[in-house]
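A short worksheet on the structure shown next.
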Amino acid sequence: TGELQSEGIFVEGVRTGEWKFYHKNGSTAAVGNFTEGRKLGDWQYFYEDGSLSSEGFERNDQKDGFWKLYYETGELKGEGTYKEGSGDYQEFYPSGRLKIAGQLLNARNDGKWMYYYEDGNLEGEANFRRGEGSYTGYYPDGTLKTKGYIRDDKKIGEWKLYDEDGKLAGFYKPIYEEDPPVYKTSETIGEDSERVKYEKPEYRFRNRNIRYFTPTINEYKGVILALNPLTTFIGSMPFSLEYYSQERLGYELQYVLIRDPFFKPNSSIDLNENYKRGFGIKFRQKFYHREGSFGIPYFAHELSYTSINHKANVMDSTGVNVINRTIGAKEDRFDYGITVGTRWVRNSGSGGYTLDVYLGVGIGYRGYNKNYGTNSDYDTIFNDVNQHKTSVPLLFGINFGFMVPKRETTSR
């Protein structure tokens with residue numbers, strides 16, 4: 001019908017480099033790279049409305065590594081870890097509760113698969129071999145509901161339907177007209193049996209829990225160790241430890257060593273030159289969003305305490321003898337801040353090297369106390385030190401870290 005279907009480069013008759021595929025409405029359906037005519041690299045798939053459907057790495061046209069699937073509304077729909085199309089798969093309800101669990105072999109269902117209601121009760125089970133298998137479904141109370149056959153995620157042939165008392169109620173054949181299936185009753189049991197009634201499922205209200213505080217099945221939970229030695233050139237060195245819940249929450253404790261100049265001993269600093277020695281402690285709560293093209297964006301708030309000794313080496317000639325001594329002023333700050341940032345990580349679901357960048361602003365209280373008497377000459381040395389009781393710090397940071405890899409698990 002003339003709509004653009006795909007675009008890319010052919011080299012000697014095979015797809016090479018980045019290719020894009022489109023839905024009939026013109027929105028992007030998929031984007032990724034080909035090498036020698038086969039998919040190789042990161043691929044993304046999209047719904048017709050433009051929202052992300054799934055993403056991960058492909059090798060030789062098969063899923064390879066960690067994959068994530070999404071609902072059109074953005075919630076995590078499923079995830080799996082594959083080796084060239086084979087591996088464990090889990091699917092979830094929008095609330096994060098487990099819906100389906102099973103294994104794939106060469107991209108087809110294999111072995112035992114389990115299906116669950118949102119409340120955790122067993123909805124059905126199937127035994128697959130090369131994508132085909134028999135399925136048995138249950139009512140929420142565990143009594144038999146349906147029996148039939150599945151091939152490549154579609155119901156085929158004639159299915160049996162049972163009443164809640166266990167009696168055979170009838171048969172139906174799923175007839176697929178593009179998707180979803182249309183069910184038509186082909187036969188009922190008994191001459192006087194009433195027509196089988198199909199009731200609409202009870203409407204489920206959307207879970208109103210805040211997503212940041214609602215754990216999802218099989219999410220990564222672990223620690224991130226981070227620092228930034230480059231900041232020693234501006235007089236500080238941050239060390240941080242963060243407890244991270246995948247794309248939801250982060251609780252970070254940060255210690256900042258303050259030395260300006262950093263590598264110069266106190267005794268080597270010139271007379272009447274202001275230098276700083278101190279530390280800072282921050283506790284930050286982060287609210288992570290879904291991973292995107294620019295990492296895992298987040299917003300955060302923090303509480304911090306900063307203690308800085310502003311010092312200077314001076315020549316004291318007030319007494320009989322001329323001596324060198326150190327004077328100083330103590331600065332104590334208590335701040336509350338708001339930040340926005342993003343975290344890049346090698347694999348948000350299993351770990352690896354990570355980079356955290358954030359920017360924000362804070363407000364708080366500053367205490368300032370001198371350890372010397374009235375002396376205008378000494379005061380001049382510390383003129384550049386902010387002595388106002390209201391503290392309004394600019395919050396900015398870049399931390400390099402490592403997310404401890406997720407421990408591999410197996411399912412039976």
Side-chain angles (χ1 to χ4, degrees), residues 42 66 68 211-213 219-264 275-309 331-364 366 386 391-407:
D42 293 324
F66 184 69
K68 292 193 290 188
R211 63 165 294 271
Y212 303 111
F213 300 101
E219 69 179 13
Y220 171 85
K221 288 181 179 290
V223 296
I224 302 172
L225 305 173
L227 54 79
N228 187 354
L230 300 178
T231 57
T232 56
F233 295 103
I234 58 174
S236 66
M237 166 78 93
F239 304 86
S240 66
L241 177 68
E242 179 177 340
Y243 180 72
Y244 170 76
S245 298
Q246 183 179 350
E247 297 176 327
R248 283 197 308 112
L249 277 177
Y251 294 98
E252 181 181 17
L253 182 64
Q254 185 178 76
Y255 175 84
V256 182
L257 177 63
I258 300 171
R259 287 180 61 88
D260 187 15
F262 198 89
F263 297 104
K264 209 170 187 179
Y275 60 95
K276 293 185 287 188
R277 299 291 185 259
F279 67 92
I281 297 176
K282 298 183 178 184
F283 177 75
R284 184 179 293 122
Q285 184 183 37
K286 299 178 177 179
F287 300 91
Y288 286 97
H289 292 258
R290 303 296 186 192
E291 186 175 13
S293 302
F294 298 98
I296 312 172
Y298 66 84
F299 66 92
H301 63 145
E302 66 176 48
L303 290 172
S304 66
Y305 167 69
T306 306
S307 175
I308 303 176
N309 286 302
E331 178 186 358
D332 292 294
R333 293 204 320 262
F334 299 88
D335 298 305
Y336 174 78
I338 300 290
T339 60
V340 294
T342 188
R343 177 179 291 284
W344 284 274
V345 61
R346 182 174 176 269
N347 190 326
S348 63
S350 62
Y353 293 102
T354 177
L355 173 67
D356 184 13
V357 179
Y358 63 88
L359 177 67
V361 66
I363 188 168
R366 176 187 288 108
N386 191 337
S391 169
V392 186
L394 178 65
L395 308 175
F396 173 75
I398 301 176
N399 288 330
F400 305 94
F402 184 78
M403 184 184 292
V404 177
K406 185 175 182 179
R407 183 167 60 90

About how many Å separate OG1 of T306 and CG of D335, when rounded to the nearest 0.5 Å? 6.0 Å
Y298 side chain to H289 side chain, donor-acceptor N/O pair below 3.5 angstrom: no
Of the non-hydrogen atoms in Y220 and M403, which two are nearest, and what is the gap between them? OH-CG, 3.1 Å
So do the side chains of Y244 and I296 get within less than 4.5 Å of each other, counting heavy atoms only? yes
How long is the gap from CG on L241 to CG on L227, to the nearest 0.5 Å? 12.0 Å
With sequence neighbours left out, the residues meeting ring pair (Phe, Tyr, Trp, His ring centres under 6.0 Å) with F283 are none
Should I338 and V361 count as side-chain neighbours, where that means a heavy-atom distance under 4.5 Å? no
Do Y353 and F402 have their ring centres less than 6.0 Å from each other? yes
I224 and T354, any side-chain heavy atoms less than 4.5 Å apart: yes
On a heavy-atom basis, the closest approach of P297 and R290 is CD-O, 3.6 Å
Please assess E247 against Y288 for the test side chain to side chain donor-acceptor pair (under 3.5 Å), listing each intermediate value before the final yes or no. CA-CA 5 Å; E247 297 176 327; Y288 286 97; over 6 Å; no
Test ring pair (Phe, Tyr, Trp, His ring centres under 6.0 Å) on Y212 and F287 and set out the steps. CA-CA 6 Å; Y212 303 111; F287 300 91; 5.3 Å; yes
Between F262 and G235, the two heavy atoms sitting closest are CD1-C, 4.2 Å
How many angstroms lie between atom CZ of R284 and atom CD of E252, to the nearest 0.5 angstrom? 4.5 Å
If you take all heavy atoms of P261 and Y275, which pair is closest and at what distance? CD-CB, 3.8 Å
Hey, could you give me the CZ/CG distance between F400 and L225, rounded to the nearest 0.5 Å? 15.5 Å
Is the shortest side-chain heavy-atom distance between I308 and R333 below 4.5 Å? yes
How would you list, by chain and number, every residue that makes a side chain to side chain contact (heavy atoms under 4.5 Å, CB included) with S307, sequence neighbours excluded? F279, Y305, K330, D332
Using a strict cut-off of less than 4.0 Å between a Lys/Arg side-chain nitrogen and an Asp/Glu carboxylate oxygen, indicate whether E331 and K276 qualify as a salt bridge. no
Atom CD in E302, atom CD in Q254: separation rounded to 0.5 Å? 8.0 Å
Check the pair R343, E291 against salt bridge (charged side-chain N to carboxylate O under 4.0 Å, His left out), reporting the backbone distance first and the verdict last. CA-CA 9 Å; R343 177 179 291 284; E291 186 175 13; over 6 Å; no
Shortest non-hydrogen separation from P238 to T231 and the atoms involved: CD-OG1, 3.1 Å
Tell me whether the count of non-hydrogen atoms from other residues, nucleotides or ligands lying under 6.0 Å of CZ in F213 goes above 12. yes
Straight-line distance of N399 CG to L230 CG, nearest 0.5 Å: 10.5 Å
